[in-house]
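Sequence lines set the chain letters: A, B, ... in the order given, protein chains first and strands last, and positions in each chain run from 1. Not measured: the values here are computed from a predicted model.
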Number of protein chains: 2
Amino acid sequence: MTAHSHTDQPALTKNQSLVYDALTDAKAPLSAYAILDGLREHGIRAPLQVYRALDKLLELGLVHRLESLNSFVACSNSECGARETMVFAICVKCNKVSELADDRLEAHLGALAAADHFTVHAATVELRGICGQCRSDA
Amino acid sequence: MTAHSHTDQPALTKNQSLVYDALTDAKAPLSAYAILDGLREHGIRAPLQVYRALDKLLELGLVHRLESLNSFVACSNSECGARETMVFAICVKCNKVSELADDRLEAHLGALAAADHFTVHAATVELRGICGQCRSDA
DNA sequence: ATTGCATATGTTATGGTGTTACACAATAAA
DNA sequence: TTTATTGTGTAACACCATAACATATGCAAT
């Protein structure tokens, strides 16, 4: 496993910037097609333009994919670059996502897997529940 | 959160049994459409027949969905019914999946979320890596 | 400057995943 | 036996993602 870092980024291309800005402006995860719809007036016309930009942004660690939603979020945790495994807490009420870091979780998962003779390369950890704000409102 | 139990099951209907048997016979996760293709000669003709059976089997806890693969597996861990959070270790080489249980993981994730004032209802934990058998073979 | 290469872009078409809407059948309960 | 619930069948559709091919752009190394 190799921790990436998104310090010292290469400049983003036009399409990459459009997609990245769409995600950073959004208050919740966006699907590729939602991004597409939001960028039509900026000249983005086809899914592939979005998916290619997303591929690059994922590779740079600027964006994460939420498997359980088939959607994408801009990275919001400065510690992300230093860790392998991030946890995404997805509020089922307001759809906001918190990106949580924990030093021990990766070790915990690694040990659990090792007991089954399994070597972990990557982990997907997505929590569904209620965020603090929505709990207060209720 | 409510732990389910799949002891004392209601009898499965024909379509539910067909889908469940397809998954228990498979050595790796199957997509809904792969199940569909495998059951055409048994009279299953449309995606919805598969998805409806899967919905019921998921509700009964007999089957799990792997979000990162858009696929489904038969439950293979007897402790599953007693726990909220299972871990799926997916071998990228042979595609086999181990379903792992760990008492402390749920608490660990709950505490991590609670520090962010988030209340967990459900968790998706999927590991990608190499299983013991494939590691030995290499 | 020109060649060569890697990367990014644009477009069309296609394939994989999942649901909506509607009609009908089987089962179980009152 | 009426009613309610659950399961089934079919068609059409919507959403997610990639393949194939052509073109363009940036950046070396000569």
Ignoring the backbone of [X], work out which of [options] is nearest its side chain.
X	options	value
B:Arg52	C:dT9, D:dT10, D:dT18	D:dT10
B:Gln16	C:dT12, C:dG18, D:dG7	D:dG7
B:Tyr51	C:dT11, D:dA17, C:dG18	C:dG18

Under a 4.0 Å N-O cut-off, is there an ion pair linking [X] with [Y]?
X	Y	result
B:Glu106	B:Arg104	no
A:Lys93	A:Asp137	no
B:Asp102	B:Arg83	no

Practice item. Over all heavy atoms of both residues, which pair between B:Leu58 and B:Arg65 is shortest? Give the atoms and the distance, please. Key: CD2-N, 3.7 Å

Review point. Looking at B:Asn70, does any N or O in its side chain come under 4.0 Å of the phosphate oxygens OP1/OP2 on D:dC16?
Key: no

Review point. So does A:Gln49 get a side-chain nitrogen or oxygen closer than 4.0 Å to the phosphate oxygens (OP1/OP2) of C:dT9?
Key: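 Negative; the distance criterion is not met.
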
Exercise for review: Using only heavy-atom distances, determine whether the side chains of A:Ser98 and B:Asp116 contain a donor-acceptor pair under 3.5 Å.
Suggested key: yes

Review point. Quick one: do the A:Ser68 and A:Glu126 side chains pair a donor with an acceptor below 3.5 Å?
Key: yes

Practice item. Quick one: label A:Arg45 by what it contacts on the DNA or RNA (base, sugar-phosphate, nothing), any heavy atom closer than 4.0 Å. Key: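 Touches sugar-phosphate only.
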
Rounded off to whole Å, could you give me the [atom1]-to-[atom2] distance for the [X] and [N] pair?
X	N	atom1	atom2	answer
A:Leu36	D:dC15	CG	C1'	12 Å
A:Ile44	C:dA8	CD1	P	14 Å
A:Lys14	C:dG10	NZ	C1'	11 Å
B:Leu66	C:dG18	CG	C1'	17 Å
A:Asp55	C:dA8	CG	C1'	13 Å
A:Arg40	C:dG10	CZ	P	14 Å

**Study point:** Pairwise 5' ranking along DNA chain C for A:Thr13 and B:Phe72, keeping only the more 5' one
**Key:**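 Going by which nucleotide is closer to the 5' end, it is A:Thr13.
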
Review point. Between B:Leu69 and B:Leu48, who's closer to the 5' end of DNA chain C by nearest nucleotide?
Key: B:Leu69

Point to revise | Proximity to DNA chain D (any heavy atom under 4.0 Å), residues of residues 19-34 of chain A only | key: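 Hits under 4.0 Å, by residue number: A:Ser31, A:Tyr33.
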
Review point. Are B:Tyr33 and B:Leu69 co-members of a hydrophobic cluster defined by side-chain heavy atoms under 4.5 Å apart?
Key: no

